[in-house]
Amino acid sequence: MTVTFFLVKKGSVIKTVTPNSGENEMVVTPWEVKGKVDYERLIREFGTQPLTEELLSKIVHYTGKLHLQLQRHLFFSHRDLDTVLNLYEQGTKFVLYTGRGPSGPVHIGHLVPWIFTLHLQEKFGTRLYFQMTDDEKFLIDDDASLTETRKYAYENALDLIALGFKPENTFIIYDVEDMDLLYDVTLEVAKRITYSTAKATFGFQDSTNIGWVFWPAIQAAPCFIHKKLTGENVPALIPAAIDQDPYWRVTRDIAQKLGYYKPAQIHCRFLPGLGVGGKMSASMPETSIFTMDPPELVKRKIWNAFTGGKGTAAEQRKTGADPAVCSIFQYYFYLFEEDDVKLVERERKCRAGEILCGECKNELAGRLNKFLEEHREKREKAKDVIEKFHVKR
Ligand code: TRP
């Protein structure tokens, strides 16, 4: 098995390395996440910064309370977040930028960073630019059609809007439809990234189609679009999973040459799927919970989830189970148990064999289904307002 792993060393020299392959070897690229992800190693090898207590307390100064996703370290790493906060303190706002590759329906792993983005938007009073990369998914996936990726862009936007974003300060960019808006900025970016850098960063091969080779310039463009739209030059802060980092590395290298701030990032982990290890992934529907999954299906998926439980109830009551490896426990940890005391108690009971997996599963299915039911109602209403979110120029 060949394993490719992208990393940055000092400044802009970017290297691709292939570490010793092993069964559970980690792969983290914008297109593939596999194996057991070692986040400490990603910080070291991508050259990002850990989110320190000091930075977290700076954030709390503005947000009042640490968001669950920061508290539980779902967001764990950054680039230039300190710079952006310092500028903010001195009166220079920032804009938020994130996006989605619309290759299929949205699962709750996708919603997680968007929920955090909404929190930042509300607390800092900033704009959000949201890129729907219907072009990227078309280029990358051999079987995808533009009709299909554009349809998913619309469907996925409904999920985004359902979370509570407001049209006044949320601007969705659909790449194919809005390319006229992005094109001049994209060209400025593309002209300054060499093929050699792109190849080293993204691992392009001779067989890679040329659309894909050019494409990273399109993901860079929204970092800078605010100036074109408003005349204001402010930095962009990007909340996203860490697999997107290669894009920002090349973007950061050229930003100042074009007269912009380097885009800043705040990186999150991958929400695990319901199987053994790995992230929630649309390519493994049985271990992913999609927003449109009916309640019975959610129950079934949860019921089949991987836990740290024992072979029999009797054995588990006697020796306890292991929440550290349990996919169900992770959902309580990252999303569905905000109360620290209750979380610790659940963990204790699990280890002591006082609670069995069925109980945790049933309760989680209940909470998930309640969340999804409300989400779907708001998603339905989003159909009436979706146009208001479409970026104007
Ligand atoms: N490439 C991302 C994906 O495949 C989509 C995307 C575009 C994005 N711009 C972004 C994600 C900015 C995070 C932040 O999902």
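In each ligand, atom 1 is the first atom listed, and ligand 1 is the first ligand listed. Count residues from 1 along the sequence. Given the structure is predicted, the values throughout are model-derived calculations rather than measurements. Keep in mind that the numbers below use all heavy atoms, side chains included, and drop hydrogens, waters and symmetry copies.
A 4.5 Å side-chain heavy-atom check between Ser77 and Leu42 finds every atom pair outside the cut-off. Contact annotation: the side chain of Thr133 approaches that of Pro102 to within less than 4.5 Å [non-hydrogen atoms, C-beta and beyond].
Contact atoms of ligand 1 toward Thr98: 10 (C), 12 (C), 13 (C), 14 (C) (distance under 4.0 Å to a heavy atom of the residue). Heavy-atom contacts of Arg100 reach the following atoms of ligand 1: 5 (C), 6 (C), 15 (O) (cutoff under 4.0 Å). Taking every non-hydrogen atom of Ala240 and a distance limit under 4.0 Å, the qualifying atoms of ligand 1 come out as 13 (C), 14 (C). Shown in contact with Ile238 at under 4.0 Å from a heavy atom are these atoms of ligand 1, numbered in order with element: 14 (C). Near Glu136, meaning under 4.0 Å from any of its heavy atoms, are these atoms of ligand 1: 1 (N), 2 (C), 3 (C), 4 (O), 5 (C). Near Lys137, meaning under 4.0 Å from one of its heavy atoms, ligand 1 places the atoms 4 (O).
Follow the hydrophobic side-chain contacts under 4.5 Å out from Val250 and you reach Val185 in the same cluster.
Considering backbone and side-chain N/O of Trp215, none are found under 3.5 Å from N/O of ligand 1.
Under the 4.0 angstrom criterion for non-hydrogen atoms, Trp248 is in contact with ligand 1.
Aromatic ring pairs are classed by plane angle as parallel below 30°, tilted from 30° to 60° and perpendicular above 60°; the pair His107 and His110 is parallel.
The residue from Phe389, Trp114, Phe171 that alone fulfils the ring-ring contact (aromatic ring centres under 6.0 Å, His included) condition with Phe130 is Trp114.
Counting protein heavy atoms only, atom 15 (O) of ligand 1 is closest to Gly101 N, 3.1 Å. The protein non-hydrogen atom at the shortest distance from atom 6 (C) of ligand 1 is Gln219 OE1, 3.5 Å. The nearest protein atom to atom 2 (C) of ligand 1, hydrogens excluded, is given as Gln244 OE1, 3.3 Å; this is a heavy-atom distance. Atom 9 (N) of ligand 1 has as its closest protein heavy atom Tyr97 OH, 2.9 Å.
In this structure, Trp215 has its ring center at least 6.0 angstrom away from the ring center of Phe138.
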query: Taking it one step at a time, do Trp248 and Tyr97 satisfy ring pair (Phe, Tyr, Trp, His ring centres under 6.0 Å)?
result: CA-CA 12 Å; Trp248 318 130; Tyr97 162 40; 5.7 Å; yes

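For Arg150 and Tyr174, the positive end is not near the middle of the six-membered ring at less than 6.0 Å and at most 45° from its axis. A cation-pi arrangement, defined by a distance under 6.0 Å to the six-membered ring centre and an angle within 45 degrees of its axis, is present between Arg269 and Phe76.
The option with the heavy atom closest to atom 14 (C) of ligand 1, from among Gly99, Ser103, Pro239, is Gly99.
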